[in-house]
Amino acid sequence: TPTPPPSLLRSLVGSEMCIRDRELQQKPYVGEAAKLFEKIIEAMGLIPLNKSNCNIFVIPAIPFRIVKTSDDKVSDLELIKPFLKRYIDIISPQYMIFVSKMPSNILGLSDFLKFDNKEGYLGDYLGIPTIEIESIKSMMNNPEQKRKTWNSLKLIIQLMQNENKK
């Protein structure tokens, strides 16, 4: 499959919540998870973070570990929403890939993105083509989850290729 020219693409990846090993290395994924993440990005025809001409932006949906409380204050997720929206405004991506349910839940899209659809689903957020894929850990533990992710990736890859033909 031909890939879109990297210079024409700008994609935002809303990654999963930071965990300690990723936090310490200041990377969205480490070890085997990083390898799988790079394969996903390269399969889309994009350039991963470890390359100098990278054309993706990866931001954690939740940039810190959540402290659970039992009171009725505003949730941490609600507090994060304006920051995630602002990142999207600043980056102005052409495409968005949300890894796990967390980014879409923060933005209030949990009903909008058909995460359980095995055939994949391409939605949009603020007019930006958006997909939601399984968490990296889930894909590593269950090969069937990779199939669901690939079906969604194929939809956005096809859109990128169609945009490239214009």
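Note that the structure is a prediction, hence the values are computed from the model and not measured.
- Distance check, rounded to the nearest 0.5 Å: CG of Leu36 to CD1 of Ile41 gives 10.0 Å.
- Remark: Glu32 engages Lys35 in a salt bridge, criterion side-chain N to carboxylate O under 4.0 Å.
- Once rounded to the nearest 0.5 Å, the distance linking CE of Met160 with OG of Ser11 reads 4.0 Å.
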Before you tell me yes or no, could you show the steps for Ile157 and Trp150 under side-chain contact (heavy atoms from CB on, under 4.5 Å), namely the whole-Å CA-CA distance, both residues' side-chain angles and the distance that decides it to 0.1 Å? CA-CA 10 Å; Ile157 290 168; Trp150 181 241; 4.0 Å; yes
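- Expressed to the nearest 0.5 Å, how far NZ of Lys146 lies from NZ of Lys39 amounts to 7.0 Å.
- Rounding to the nearest 0.5 angstrom, the gap separating the CD1 atom in Ile133 from the CZ atom in Phe98 is 11.5 Å.
- When every heavy atom of Tyr95 is checked against every heavy atom of Leu159, the shortest pair comes out as CE2-CD2, 3.8 Å.
- Looking at every heavy atom in both residues, Leu12 comes nearest to Ile91 through CD1-CD1, 3.6 Å.
- Using a 4.5 Å cut-off on side-chain heavy atoms (C-beta onward), Ile40 and Ile136 make contact.
- Between Gln94 and Pro129 the shortest heavy-atom distance is O-CD, 3.3 Å.
- Annotation for Thr130 and Ile128: closest pair OG1-O, 2.7 Å, computed over non-hydrogen atoms.
- Distance check: Met102 CE to Glu132 CD gives 10.5 Å after rounding to the nearest 0.5 Å.
- Closest heavy-atom contact between Met44 and Ile156: CE-CG2, 3.4 Å.
- With a 6.0 Å radius and a threshold of 12 heavy atoms from other residues, nucleotides or ligands, Lys137 has its NZ atom at or below the threshold.
- Looking at heavy atoms from C-beta onward, Met139 lies out of side-chain contact with Phe37 at the 4.5 angstrom threshold.
- Minimum interatomic distance between Met140 and Ala33 (heavy atoms only, all atoms of both residues): SD-CA, 3.6 Å.
- Hydrophobic cluster membership differs between Leu107 and Phe83, with clusters built from Ile, Leu, Val, Met, Phe, Trp and Tyr side chains linked at under 4.5 angstrom.
- The closest donor-acceptor contact from the side chain of Thr149 to the backbone of Glu134 lies under 3.5 Å.
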